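Below is one structure, written out as structure tokens; the observations come after it.
Heavy atoms only: backbone and side chains are in, while hydrogens, waters and symmetry mates are out. In this text, all values refer to a predicted model and were calculated from it rather than measured experimentally.
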Amino acid sequence: MKHILLSLFAIVTTISVHAEDGHQLWLRYQPVNKAKVLCDSKSATIQIAKQELETYYNGAQIALKLDATMPDDDGYRFDGSTLSARREAGLLYGTYALLRGDMNMESHPAYDLRLLNHWDNLDGSIERGYAGESIFWKIENAQLSTFNAQLIEEYARANASIGINGTVLNNVNASPKMLTTPYLKEVKKIADILRPYHIKVYLSINFATPMALGDTKTADPLDKSVAKWWQKKAKEIYKLIPDFGGFLVKANSEGQPGPGDYKRTHADGANMLADALKPYKGIVMWRCFVYGANHKGEDRVKQAVSEFKPLDGQFRDNVILQTKNGPLDFQPREPYSPIFDQIKQTPNMVELQITQEYLGQSRHLVYLAPMWQEFFSQVNPKQLRGIAGVANIGLDKNWCGHHFSQANWYAFGRLAWNPMLPSDKIAREWLQQTFTRDPQFVNTMAQVMAESREACVDYMMPLGLHHIFKFDHHYGPEPDGFIKSYPLEWCPVYYHKADKQGVGFERSSKGTDAVSQYRKELARTYDNILTCPENLLLWFHHVPWTYKMKDGSTLWESLQFHYNRGVITVETHHNIWHNKMRHYIDEQRWREVDDRLHHQVENAREWRDTCLKYFGQFANE
């Protein structure tokens, strides 16, 4: 009997070793329990750093030192025996750098604001979320349900390990209930858990909250009763959460209320909120994702600049304009938003999307760091005040739905700290920490990750095509999409304008002149069909099907080549994983990734076949 039990134990142990759910993310440190950590200071943050090092650090002894002579930021320095930082947060970030293998270094963050934006709704659902329900919010039996405190602490640790220092807890399409006292008390509990990890909480707010709650008759930002309501609410929030970060605002966009409802400007609305937060050093992050009613007939990608450029310099100093990386909406490829060229006197921060709304969601392996680096190669990182990422986190056991989608959370944090980090370096760090350090696995899968975003562009929308997704859920192709009752700028046919003459949106000086919103030298490049980068050709030009590309092929031949290349690339990626990677990692994660890659191949073929059939009816006329 004893031998049977031992055998059963051995089987169970083997199964547990080879069946992983991915919940540990990249934090798979093995306990060493040999380091002696010396530190004169004490705090909850330093205690976390100390405990992490005592448990996982491979050295014999290390000192933690607060050094007032260092730059006043979250940076750190390690000289082989002492980890130094100006702030406690720096000691924490330095600790995680050591544990991931960075030695003999000094590092400082590019931005003070390194935030996740959660599009989580108070009922537990997540807008554009593909990894289950919210880790923060849930309604049960019509009552607000308490979150899992241990899960929130694991979330905090994961973010701190990559330098993220802020989180917006709710959807930009915000419910007025968010600012009611019962919800604010829940926010306080979350903030208390996050604080030792130096993560501030922020909230998205509905601009019409005081009126929606029945406390005022209007939400006009120039109405004194409205301003007074916000001042009182700010006082309540900061009494509960003294280090509260501030508000994120989506106003007068896609049906959300805003100052425009009262013929007031975005500056009027943002400044009223900024004044309420100013005594507590809070900030307002005012989103520039605005299009629609005020711009009838204007090219959608021009509308943000039209709206905000006249207001540049009119915002309070604690207002930051938060703008998506591209002028449209998180497409697989688009040029950077010209807001970053046009807004000179108001601080800017960029909003990236980690959750892959338009890049296959959690069903496709698409590594986003190359896309974000493309943005930083065009927009000088130094002109930005901060960086925000729309989070891809949910209640799925592996956090992100797809095991490889975890890499995008990780890469966002690393690039928010240092936007000049090579995407390949980040991919290798993540692979080594998440799966195995075996060089054959790491080299092979780093190459797969490096190719994945370009493959996605190829099999979805190559050569500058954009926004030809199925309506509403944005998964799968619908190039013929048109619904009469919808705004035209929601319809795919608005963006590709395919006809027997050609395909593409004429944004040159001969068309909508969107090129003129870019800095002069780039405007000239985009305006000329001969100098426009071919990977953005159909974004800026309506191009004849017979147009000769630089390689001698016609446009139609080039489109066919790209669609086919994209499919072949993901077929190759699936074959690599299926046939060569199994023995490197646990069975559960291998199988779950294999299933996703199999589906990705099928979806890529659907994209190719649907789009080539649709465009072919014009090209072959």
For a quick test of reading the model, state the closest non-hydrogen atom pair linking W137 to N121 and the distance between them. CB-O, 3.5 Å
D312 and T346: side-chain hydrogen bond (donor to acceptor under 3.5 Å, both in side chains), yes or no, with the steps? CA-CA 6 Å; D312 193 18; T346 308; 2.8 Å; yes
Working to the nearest 0.5 Å, report the span between CG of N171 and OG of S204. 6.5 Å
State whether the side chain of Q356 and the backbone N or O of Q361 hold a donor-acceptor pair below 3.5 Å, judged by distance alone. yes
Parallel, tilted or perpendicular: which describes the rings of H467 and Y358, with under 30° parallel and over 60° perpendicular? perpendicular
Taking the ring centre of each residue, are Y526 and F540 less than 6.0 Å apart? yes
The side chain to side chain donor-acceptor pair (under 3.5 Å) partner of R87 among D73, T45, D72 is D72
If you compare all heavy atoms of I152 against all heavy atoms of I135, which two are closest, and at what distance to 0.1 Å? CD1-O, 3.5 Å
Judged by atom type as modelled, is there a donor-acceptor pair below 3.5 Å linking the side chain of S84 to the main-chain atoms of D67? no
Within the distance-only criterion (no hydrogens, no angle test), does the side chain of T355 pair as donor or acceptor with the backbone N or O of E357 below 3.5 angstrom? no
side-chain hydrogen bond (donor to acceptor under 3.5 Å, both in side chains) between K309 and Q342: does it pass, once the steps are laid out? CA-CA 6 Å; K309 185 178 180 181; Q342 297 294 335; 2.8 Å; yes
Flag, side chain of D268 to backbone of T265, donor-acceptor distance under 3.5 Å: yes
Would you check, one step at a time, whether the test side chain to side chain contact (heavy atoms under 4.5 Å, CB included) holds for I283 with V319? CA-CA 6 Å; I283 63 171; V319 174; over 6 Å; no
Answer yes or no on whether R507 is positioned over the face of W539, meaning its NZ or CZ is under 6.0 Å from the six-membered ring centre and within 45° of the axis. yes
Ignoring hydrogens and angles, tell me if any N or O in the side chain of D74 forms a donor-acceptor pair with the backbone of E88 under 3.5 Å. no
D527 meets the side-chain contact (heavy atoms from CB on, under 4.5 Å) criterion, sequence neighbours left out, with S508, S509, V515
Examine distances only and state if a side-chain atom of E307 and a backbone atom of C288 form a donor-acceptor pair shorter than 3.5 Å. no
More than 12 heavy atoms of other residues, nucleotides or ligands under 6.0 Å from NZ of K296: is that the case? no
Go through Y93 and Y197 one step at a time and tell me if the ring pair (Phe, Tyr, Trp, His ring centres under 6.0 Å) criterion holds. CA-CA 9 Å; Y93 300 138; Y197 291 90; over 10 Å; no
Are any side-chain N or O atoms of T216 and backbone N or O atoms of S225, one a donor and one an acceptor, separated by less than 3.5 Å? no
Between D243 and K200, is the closest basic N to carboxylate O distance under 4.0 Å? no
Ring centers of F469, W490 separated by less than 6.0 Å: no
Partner residues of H108 under the ring-ring contact (aromatic ring centres under 6.0 Å, His included) criterion, sequence neighbours left out: none
Would you please classify the geometry between the Y280 ring and the Y238 ring as parallel, tilted or perpendicular, with 30° and 60° separating the classes? parallel
SB check E186 K189 (cutoff 4.0 Å): yes
If you draw a 6.0 Å radius around CD in Q150, do more than 12 non-hydrogen atoms from other residues or ligands fall strictly inside? no
Could you check whether any side-chain N or O of Y367 sits under 3.5 Å from a backbone N or O of S423, counting only pairs where one atom can act as donor and the other as acceptor? yes
Looking only at heavy atoms, which two atoms of P381 and M420 are closest? And how far apart? CG-CE, 3.5 Å
N/O donor-acceptor pairs under 3.5 Å from side chains in residues 176-185, not counting sequence neighbours:
residue, atom, partner, partner atom, Å
T180, OG1, K177, O, 2.6
T181, OG1, E236, OE2, 2.8

Tell me if the centroids of the rings in W409 and W26 come within less than 6.0 Å of each other. yes
ring-ring contact (aromatic ring centres under 6.0 Å, His included) involving F375 - partner list, sequence neighbours excluded: F340
Does CZ belonging to R264 count more than 12 external heavy atoms closer than 6.0 Å? yes
Quick one: do D513 and K302 satisfy salt bridge (Lys or Arg N to Asp or Glu O under 4.0 Å)? Show the steps, please. CA-CA 9 Å; D513 200 29; K302 294 182 66 178; 5.4 Å; no
Do NZ/NE/NH1/NH2 and the carboxylate oxygens of D329 and K324 come within less than 4.0 Å? yes
Under a 3.5 Å distance rule, please check whether N271 uses its side chain to pair with a backbone N or O of R316 as donor and acceptor. yes
Between L421 and N418, is a side chain to side chain contact (heavy atoms under 4.5 Å, CB included) present by the stated rule, with each step listed? CA-CA 6 Å; L421 278 176; N418 179 3; 3.6 Å; yes
Gap separating the NE2 atom of H474 from the CG atom of L359, nearest 0.5 angstrom: 12.5 Å
Under the side chain to side chain contact (heavy atoms under 4.5 Å, CB included) criterion, do L115 and I164 qualify, and how do the steps go? CA-CA 6 Å; L115 275 62; I164 291 171; 6.0 Å; no
Tell me every residue that passes ring-ring contact (aromatic ring centres under 6.0 Å, His included) with Y336, counting only those two or more places apart in sequence or in another chain. Y518
Minimum heavy-atom separation for Y262 and M211, please, with both atom names. OH-CE, 3.4 Å
Is the centre of the Y130 ring less than 6.0 Å from the centre of the Y475 ring? no
If you compare all heavy atoms of L536 against all heavy atoms of R333, which two are closest, and at what distance to 0.1 Å? CD2-CG, 3.9 Å
side-chain contact (heavy atoms from CB on, under 4.5 Å) partner of V187, the single match among V201, D192, L240, I237: V201
Report the distance from atom CZ of R385 to atom CD1 of I320, rounding to the nearest 0.5 Å. 4.5 Å
Flag the pair W417 / Y76 as yes when their ring centroid distance falls below 6.0 Å, and as no otherwise. yes
Walk me through whether E298 and Y291 qualify under side-chain hydrogen bond (donor to acceptor under 3.5 Å, both in side chains). CA-CA 9 Å; E298 185 179 25; Y291 67 93; over 6 Å; no
Can you list the residues that meet the ring-ring contact (aromatic ring centres under 6.0 Å, His included) rule with Y111, with sequence neighbours excluded? none
For residues H466 and Y495, report the shortest heavy-atom separation together with the two atoms involved. O-CB, 3.4 Å
Look at the rings of F308 and F315 and say which category their plane angle falls in: under 30° parallel, 30 to 60° tilted, over 60° perpendicular. parallel
Apply the test side chain to side chain contact (heavy atoms under 4.5 Å, CB included) to residues H118 and T167: give CA-CA distance (whole Å), side-chain angles for both, the deciding distance (0.1 Å), then the verdict. CA-CA 7 Å; H118 288 267; T167 182; 3.2 Å; yes
Do any N or O atoms from the side chain of S161 and from the backbone of A158 form a donor-acceptor pair under 3.5 angstrom? yes
Ion pair E140/K138, N-O distance below 4.0 Å: yes
